[in-house]
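First the structure, in the form of structure tokens, and then the observations on it.
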2 protein chains.
Amino acid sequence: MELSDRKTKILEAIIKNYLETGEPVGSRTISKYEDMNLSSATIRNEMSDLEEMGYILQPHTSAGRIPSDKGYRFYVDRMMADREKEVSDMHEMVVQKADQLSELLKQVARLLASNTNYAAMISAPQIHRNKLKFIQLSKVEENTILAVIVVEGNILKNKMISTDQPLDDDTILKLNLLLNTHLNGLSLEEINLGLITLMKEQAGIHSDVVGSVIDAVADAIRADENLEIYTSGANNIFKYPELADNSKASEIINVLEEKNQLSELVSDSLSKLNEGEESQGHGIQVYIGSESPFDSMKDCSVVTATYELEEGMRGMMSIIGPKRMDYLKVAKTLKTLQEQLDTLYKKKEE
Amino acid sequence: MELSDRKTKILEAIIKNYLETGEPVGSRTISKYEDMNLSSATIRNEMSDLEEMGYILQPHTSAGRIPSDKGYRFYVDRMMADREKEVSDMHEMVVQKADQLSELLKQVARLLASNTNYAAMISAPQIHRNKLKFIQLSKVEENTILAVIVVEGNILKNKMISTDQPLDDDTILKLNLLLNTHLNGLSLEEINLGLITLMKEQAGIHSDVVGSVIDAVADAIRADENLEIYTSGANNIFKYPELADNSKASEIINVLEEKNQLSELVSDSLSKLNEGEESQGHGIQVYIGSESPFDSMKDCSVVTATYELEEGMRGMMSIIGPKRMDYLKVAKTLKTLQEQLDTLYKKKEE
DNA sequence: ATTAGCACTCGATTTTAATGAGTGCTAACA
DNA sequence: TGTTAGCACTCATTAAAATCGAGTGCTAAT
């Protein structure tokens, strides 16, 4: 069967109404719309077709219709297409510059949640081009030295290293030189066993220090493993009765708190974006119900967007809410913040 | 009225039963206990007295009795007193050493939550004796230098500083020397305006760099402001019907997620502990219902314990659950982890 | 092709009744 | 005088029944 213009119009009306009310919508309701000069009976017939086509469904016999995942998908795709419709009732939403990256991210998460009334999360940016830039050893205590490792993108890693014997300043200077001359500018792959052995040899009795430093370097470069994620507005889900029931709420809260599933989502979303699926504009992805990469979100929709803070430093933010979320507003909010983060970066550049 | 032995026994029986069932307990139930050779009528009379004295209350006429906050308090104090009763059915609860402090804390939070079936939180340790130990400037890029600041207790703070003109290695060395000779060993109070001005003068055209570094030092020393807190097991609250109702759950989840109230709790609890109120053994504090420092926890009990990771690095962990929580087990669990963290520290020392 | 009309369905809400755990009080008892 | 059996009463909870009404599908008329 074809999706006629009229069917489209009716489907859209159903979804819009359901988004607002959260209640199944009946034929009568639709027929009362001004620009819909049809009787409820006609609407019923069309609805019956739409149901057969899989766009809507009945929670039970003799109830109104609600959108199916397919129906939502139709709506979202359509909405994304004509995005010229600007939503203008945006809250004040200004990202303050923060000297701590973590503070900035927390702030953004909070903004997202409070503006949308859904739950929000944001991941710290992941680095892509991970080359070692710089190593600095310094003596902190008699038997303790501090290694500071700087990776491209100015990501830092600190490590305290205890030594058997006290090291004098001169030795530290030498080790510093040794490490920097050998390792600077290298990526993880380029630091091979041969190189490590060579350096250990040259370090003589201090080879254990070199070993520790190299471990720290490895940690610093693949920092994405312990991907930091910040969330906000988890309690917003209680505003939507369809999510507020105990077992569902518990599951969602758990996902938001334990974060490990979220980090999968981040990887998934980032990699999809990198594959160049930018067709849907500005890298905004929508997962509706069962489209989500994991089960625990099957009653929710997740809208994700990437952001780029500095060259190559990409992170992801997302909104988690009921399927009947206000997709338009959410997309708009995400986009606004995307732009703001972008601007913030540019300012920094100057 | 006096709390006779018999009243005490009955009160304890009521509370114990309520902790298990979560239901109001009636006179008949108590009278059936083997070691309680009294008829339900007698129990009723005693209960009536206990209610008058404020230890128990009726949710409504003709319902059984439940403990009041005062009743819980009585029970907890008593329980804390004879703590020789060891609970032995502890889960495997071994803290793995982690090189990242944050990983360690997350792990502990998770252990607490999974062992108790309540929500858990832990704060990163706060430093008390905050003296500057060491500053290291290094050049990272042409116009960027990195300042690493080490404070007593080996807390680190990094800051990237952009400069107007490029700095040569020699200048950096000089600034390093300048900063370290003047500032080492000083606390926040001791770094006064006079000293700062003096240093800026000596730095000549590079006074702005000195300024930036001093800012970073200030940040590092009062690091307690952005006190990190980790939570786990928030969804456990759904296991207790009296907390699982939407508005209450929402409030609790919110507190756990937004953390700022928790950090007040941390300060409160740490300062109380520092005042030497160690009478209740091992620094374990119990807040029952309205005893809690904030309203949002009025339906919960909060049990807190401090831990000490290294000399002077004290943090706080706590369990948040229903008033009818298993106080004994919770106290035991906290104590076990306290000890483990302690051991971990000692191992590190060797 | 559209629509008015009508019987029918079924979740939700309200009403009513039944249940039973628990109380307070009184009078009898040791 | 403290303890207890007995009884009338209360009231949340549960179950069952009745009612409501939004919504449907189908049919016959336009």
Side-chain angles (χ1 to χ4, degrees), chain A residues 1-11 13-15 17-18 20-68 71 241-242 244-245, chain B residues 1-11 13-15 17-18 20-68 71 241-242 244-245:
Chain A
M1 208 182 310
E2 264 304 282
L3 244 193
S4 68
D5 267 13
R6 197 168 73 178
K7 281 194 173 56
T8 305
K9 201 171 161 191
I10 291 173
L11 176 54
I14 294 171
I15 296 180
N17 186 288
Y18 184 71
E20 280 166 28
T21 64
E23 296 293 316
V25 4
S27 53
R28 190 104 201 298
T29 316
I30 302 297
S31 76
K32 270 186 291 198
Y33 284 158
E34 283 192 1
D35 56 344
M36 193 86 62
N37 286 316
L38 293 171
S39 78
S40 62
T42 315
I43 306 285
R44 275 205 288 286
N45 291 332
E46 295 288 46
M47 278 174 150
S48 174
D49 289 353
L50 284 169
E51 179 159 16
E52 203 179 318
M53 293 161 81
Y55 288 105
I56 53 180
L57 43 85
Q58 277 181 292
H60 57 86
T61 335
S62 88
R65 307 305 214 286
I66 64 173
S68 66
E242 66 267 45
D245 115 87
Chain B
M1 206 184 306
E2 264 305 283
L3 243 193
S4 68
D5 265 14
R6 198 168 73 176
K7 281 193 173 54
T8 305
K9 201 170 162 193
I10 291 172
L11 176 56
I14 293 171
I15 296 180
N17 186 289
Y18 184 71
E20 279 166 30
T21 65
E23 296 293 316
V25 4
S27 54
R28 190 104 200 298
T29 316
I30 301 298
S31 76
K32 269 186 292 199
Y33 285 158
E34 283 194 358
D35 55 345
M36 193 87 61
N37 286 317
L38 293 172
S39 77
S40 62
T42 315
I43 305 284
R44 274 204 290 285
N45 291 333
E46 295 287 46
M47 276 174 153
S48 175
D49 290 352
L50 284 169
E51 180 159 15
E52 203 179 319
M53 294 161 82
Y55 288 105
I56 53 181
L57 44 85
Q58 277 181 291
H60 56 87
T61 338
S62 88
R65 306 306 214 286
I66 64 173
S68 66
E242 66 266 45
D245 114 89

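Chain letters run A, B, ... following the sequence lines, proteins first and then strands; every chain starts at 1. As the structure is a prediction and not an experimental result, all values here were calculated from the model.
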Please list, by residue number, the residues of residues 53-66 of chain B whose heavy atoms come closer than 4.0 Å to an atom of DNA chain C; answer none if no residue qualifies. B:Gln58, B:Ser62, B:Ala63, B:Gly64, B:Arg65
Tell me, do B:Asn45 and B:Ser48 make a side-chain contact under 4.5 Å, heavy atoms counted?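 Not in contact.
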Student check: side-chain heavy atoms of B:Leu3 and B:Tyr55 closer than 4.5 Å: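 Counting from C-beta outward, B:Leu3 and B:Tyr55 do come under 4.5 Å.
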Between [X] (side chain only) and [Y] (backbone N and O only), is there a donor and an acceptor less than 3.5 Å apart?
X: B:Glu46; Y: B:Lys7; answer: no
X: A:Ser68; Y: A:Leu57; answer: no
X: A:Lys9; Y: A:Asp35; answer: yes

Both A:Pro24 and B:Arg44 contact DNA chain D. Taking the nearest nucleotide for each, which residue is further toward the 5' end? B:Arg44
For the helix from C:dA1-D:dT30 to C:dA30-D:dT1, measure the angle between the helix axis at one end and the axis at the other, each built from five pairs, rounding to 10°. 20°
May I have the distance from [X] (atom [atom1]) to [N] (atom [atom2]), rounded to whole angstrom?
X: A:Asn17; N: D:dA22; atom1: CG; atom2: P; result: 14 Å
X: B:Lys7; N: D:dG2; atom1: NZ; atom2: C1'; result: 12 Å
X: B:Arg6; N: D:dT1; atom1: CZ; atom2: C1'; result: 12 Å

Of A:Leu38, A:Ile10, A:Ile43, the residue whose pairing with A:Ser27 passes side-chain contact (heavy atoms from CB on, under 4.5 Å):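 The side-chain contact (heavy atoms from CB on, under 4.5 Å) with A:Ser27 is passed solely by A:Ile43 among A:Leu38, A:Ile10, A:Ile43.
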Contact boundaries of DNA chain C with chain A (under 4.0 Å, heavy atoms), 5' to 3'?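 Reading along DNA chain C, I get C:dT2 to C:dG11.
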CD1-CZ distance between A:Ile14 and A:Arg65, expressed to the nearest 0.5 angstrom: 7.5 Å
Side-chain N or O of B:Ser39 versus OP1/OP2 of D:dT3: is the shortest distance under 4.0 Å? no
